[in-house]
Protein chains: 2
Amino acid sequence: MSSDPAPAIAVSTVIFGLRAIERSEHVVLSLPLVKRVREPYLGRWALPGGPLAATESLREAARRNLRATTGLDPKHLEQLYTFGAVERSPVDRVVSIVYWALVRTDEADRARIGENVRWFAADALPQLAFDHDEIVGWALKRLRNKVEYTRIAHALLADEFTLADLREVHEAILGRRLDPANFRRRIEATGTVEATGRHLEGGRHRPPALYRSTAQKELLL
Amino acid sequence: MSSDPAPAIAVSTVIFGLRAIERSEHVVLSLPLVKRVREPYLGRWALPGGPLAATESLREAARRNLRATTGLDPKHLEQLYTFGAVERSPVDRVVSIVYWALVRTDEADRARIGENVRWFAADALPQLAFDHDEIVGWALKRLRNKVEYTRIAHALLADEFTLADLREVHEAILGRRLDPANFRRRIEATGTVEATGRHLEGGRHRPPALYRSTAQKELLL
DNA sequence: TCAAAAGTGTTAATCCTACACCCATGG
DNA sequence: CCATGGGTGTAGGATTAACACTTTTGA
């Protein structure tokens, strides 16, 4: 045992949302980052995060932090991993418990964005502070994996959506096109969506049916 | 923010091994527990664990701890989850980063077992201290899940093994019998094992071929 | 009436499971 | 030569991927 001070605990979050791309109909998987205003890594972009208060749970800390820095309220919030390498911060020993979150597209646009907070496309990130590049890599891997066998994609959409919307989410996350016919059948087979009976009018073509996520278990927590 | 002291960090491990069952040819998934020698939960069984030293990584802490309490050297060691509910310890605020480990059957028998350390069958555990019941539940779920799509089962076996050995491991973890023919084909198709060319002599019947795990990536870390 | 997305149908390839069957060994 | 686990073969069902085809709308 040494006489070094005890390691500090921090909680950070990787927040994913879909953002419309300029002069395009596509959306791209994005995340908000905050610019560091002090050393170390002054001026670098980093994940939102902060210390764990003695009276809050890890999840509460993640939610509070996320709210404070971006004003966002996630629809999905889940623990990712805990990073504790000795040298991950050049100045002090910090163990970071990292959560990842999904926010609805329509809410992501309302996010409080200032000088020091900005959205970045997930496939075009700057070099981040600390080991945050590695952390985002983990989060992306987990997201891509989970979208295949859970209903988390719903957490990125509003209450009502078309199957094309849902497919677009999957495509943005996976980074490849999916066959609309097979996608439809696959989703219908899972029973995670149900038709609302309404249709989305005003499109350029045949109006698609609107669906909602079937109420089931917690998606939020 | 409050003026309460900062939460403490602990690292705990769930260690799985296969143990022969008395007067039976079967093995059963088991884990070593330590009896608490102080309050809170004095006398209750608990997971091995201890504080994180300032100069060691989380993984190193897990490995050191595991060595100190059981004398075991795990063949697989992986972070499970971090537990940080405010009330999980009745006396102080502790955030526990939990790892889970697999040890080889032949080494598990050599484990240093004393008055305060004992193996328990995973499906017949006593009531544990703190939230350790919940933690073991998580670990079991993860193990059962991972055995289906990774080669972790190899970490429970010696260097050379028969497919029946490997199948026995899968069966002990999953808690159900598997078709030997289909199991063989499934494993062969993954390319995770290769025949050594040798056979296990001295059995009561046709001598089965011996296999080894194909060298690939780290299984240990 | 045309373009394009919504939605349905079909087929072939693949994978999984159950189970029949042969092989090799100790007793 | 028999019981038993080792090991191979195979047929049917389920799942998947590719793509042709029909429907419905706005322009």
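Given the structure is predicted, the values throughout are model-derived calculations rather than measurements. Values below: all heavy atoms of this structure, side chains included; hydrogens, waters and symmetry mates excluded.
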So if I define the base as every atom that isn't primed, P, OP1 or OP2, how would nucleotides 15-27 of chain C read as a B/S/- string at a heavy-atom cutoff under 4.0 Å?
--BBB---BBBS-
Please give, in whole Å, the distance from [N] [atom2] to [X] [atom1]?
{"X": "R184(A)", "N": "dA17(D)", "atom1": "CZ", "atom2": "C1'", "value": "17 Å"}
{"X": "E188(A)", "N": "dT8(C)", "atom1": "CD", "atom2": "C1'", "value": "10 Å"}
{"X": "I187(B)", "N": "dT8(D)", "atom1": "CD1", "atom2": "P", "value": "15 Å"}
{"X": "E171(B)", "N": "dG5(D)", "atom1": "CD", "atom2": "P", "value": "12 Å"}
{"X": "E168(A)", "N": "dA5(C)", "atom1": "CD", "atom2": "C1'", "value": "13 Å"}

Option passing side-chain contact (heavy atoms from CB on, under 4.5 Å) with I135(A) (candidates F83(A), W100(A), Y81(A), F130(A)):
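That would be F83(A).
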Quick one, F183(B) and E171(B) - any side-chain contact, counting heavy atoms below 4.5 Å?
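The answer is no; the side chains never approach within 4.5 Å.
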Do V95(A) and V95(B) have side chains that get closer than 4.5 Å, going by heavy atoms?
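Result no, sub-4.5 Å side-chain heavy-atom pair not found.
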Mind checking what makes salt bridge (charged side-chain N to carboxylate O under 4.0 Å, His left out) contact with R110(A), not counting sequence neighbours?
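Not a single residue meets the salt bridge (charged side-chain N to carboxylate O under 4.0 Å, His left out) criterion with R110(A).
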Closer than 4.0 angstrom, basic N to acidic O: yes or no for R184(A) and E188(A)?
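Looking at E188(A) together with R184(A), the answer is yes, because their closest N to O distance falls below 4.0 Å.
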Please evaluate residues H154(A) and F161(A) with respect to the criterion ring pair (Phe, Tyr, Trp, His ring centres under 6.0 Å), reporting the C-alpha separation (whole Å), side-chain torsions for both, the decisive distance (0.1 Å), and the verdict.
CA-CA 9 Å; H154(A) 299 184; F161(A) 50 85; 5.6 Å; yes
